[in-house]
There are 2 protein chains.
Amino acid sequence: MNLHHPSREDLDVSMVLHALSDPHRLHIVKKLAEHGAEPCSCGGFGIDLTKSTLTHHFRVLREAGVITQRPAGTSKLNSLRREDLDARFPGLLDAVLAAIPAPPAAQVPV
Amino acid sequence: MNLHHPSREDLDVSMVLHALSDPHRLHIVKKLAEHGAEPCSCGGFGIDLTKSTLTHHFRVLREAGVITQRPAGTSKLNSLRREDLDARFPGLLDAVLAAIPAPPAAQVPV
DNA sequence: CAGATAGTTCGCTAACCGTCGTACAATTAG
DNA sequence: CTAATTGTACGACGGTTAGCGAACTATCTG
């Protein structure tokens with residue numbers, strides 16, 4: 001099962017915007033941006049969704065070219081494709097990151 | 001039939017991004033950006049879609065807070081809500097505008 | 001008034017999307 | 001080998017969406 005990542009030239013604005021238009025996915029992207037390219041496995045995002053649903057969201061992000069997924073043991077390491085996004089759509093990622101609000105409605109902040 | 005426009009504080013990133021994630025709507029936004037706040041009626045965008053479908057797209061844009069629609073005679077004047085968007089999501093609109101590619105697949109370019 | 005013009009509204013269809021559960025695959029730990 | 005962990009694949013579901021056509025409203029112009 002080869003993980004397909006679109007090449008930089010193949011990035012499509014509408015596809016990227018659509019990938020970013022879901023609160024859960026926005027939250028994922030935000031977390032990834034904070035963690036740099038660290039061991040962000042698919043779990044541990046504090047999102048209250050099923051495993052299969054998470055897989056779905058990560059795939060949407062990956063196929064839109066927003067993130068990279070690299071298998072590592074039984075996990076997958078996710079990272080933002082900052083360079084590619086900045087190259088193709090300058091300023092877009094930063095603007096979106098700055099616009100992301102509170103969590104999408106998962107854990108109570110107290 | 002009151003045209004509802006969300007107030008600036010009620011603008012939602014995901015909603016805006018979703019509104020912008022359609023090639024046709026992206027094209028509309030691009031044209032509006034070029035024309036400033038000029039007499040951009042709903043037709044005249046060179047989009048090969050039915051009137052009802054156009055109505056639909058303009059409503060999505062309006063309800064997301066991306067555009068304003070003001071009735072003027074038998075037409076409607078559309079304009080970008082630049083100020084509001086820039087205030088809530090600084091840099092986002094410009095980044096998206098810069099990223100918009102060729103037309104979404106409508107009229108022959110020459 | 002009559003006609004033209006510009007959008008809206010209302011079904012309706014086909015596709016898509018987010019979500020889930022269950023079953024499966026792959027890797028690591030005992 | 002067995003069990004646990006992590007994620008994927010697949011099928012199903014309900015809701016949303018983009019698109020159309022046809023009928024309608026509202027305005028402006030004769």
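Naming: A, B, ... by sequence-line order, numbering from 1 per chain.
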In whole Å, what is the span from the CD atom of Gln69(B) to the C1' atom of dT8(C)?
-> 11 Å
What do the steps show when you test Met15(A) against Glu63(A) for side chain to side chain contact (heavy atoms under 4.5 Å, CB included), and what is the final call?
-> CA-CA 9 Å; Met15(A) 223 171 290; Glu63(A) 289 181 348; over 6 Å; no
Can you tell me how far C1' of dC17(C) sits from CZ of Arg59(A), to the nearest Å?
-> 12 Å
Measure from CG on Asn78(B) to P on dG7(C) and round the result to the nearest Å.
-> 8 Å
Tell me: CG of Leu77(B) to C1' of dA6(C), nearest whole Å?
-> 12 Å
Rounded to whole angstroms, how far apart are CZ on Arg70(A) and P on dA26(C)?
-> 20 Å
What residues form a salt bridge (charged side-chain N to carboxylate O under 4.0 Å, His left out) with Arg25(A), not counting sequence neighbours?
-> none
Quick one: which residue pairs count as a salt bridge (Lys or Arg N to Asp or Glu O under 4.0 Å) with a foot in residues 9-22 of chain A, not counting sequence neighbours?
-> none
Which letter, B, S or -, goes with each nucleotide of nucleotides 17-30 of chain D from 5' to 3', with contact meaning a protein heavy atom under 4.0 Å?
-> SBBBB-----BS--
What is the distance, rounded to the nearest whole Å, between atom CD1 of Ile28(B) and atom C1' of dG7(C)?
-> 14 Å
For Arg59(A), salt bridge (charged side-chain N to carboxylate O under 4.0 Å, His left out) partners two or more places apart | none
Give every residue pair that meets the side chain to side chain donor-acceptor pair (under 3.5 Å) criterion with at least one member in residues 85-100 of chain B, sequence neighbours excluded.
-> Arg82(B)-Asp94(B)
Take the protein atom CZ of Phe58(A) and the nucleotide atom C1' of dT19(C), then report the distance between them rounded to whole Å.
-> 16 Å
Partner residues of Thr53(A) under the side chain to side chain contact (heavy atoms under 4.5 Å, CB included) criterion, sequence neighbours left out | Leu49(A), Thr50(A), His57(A)
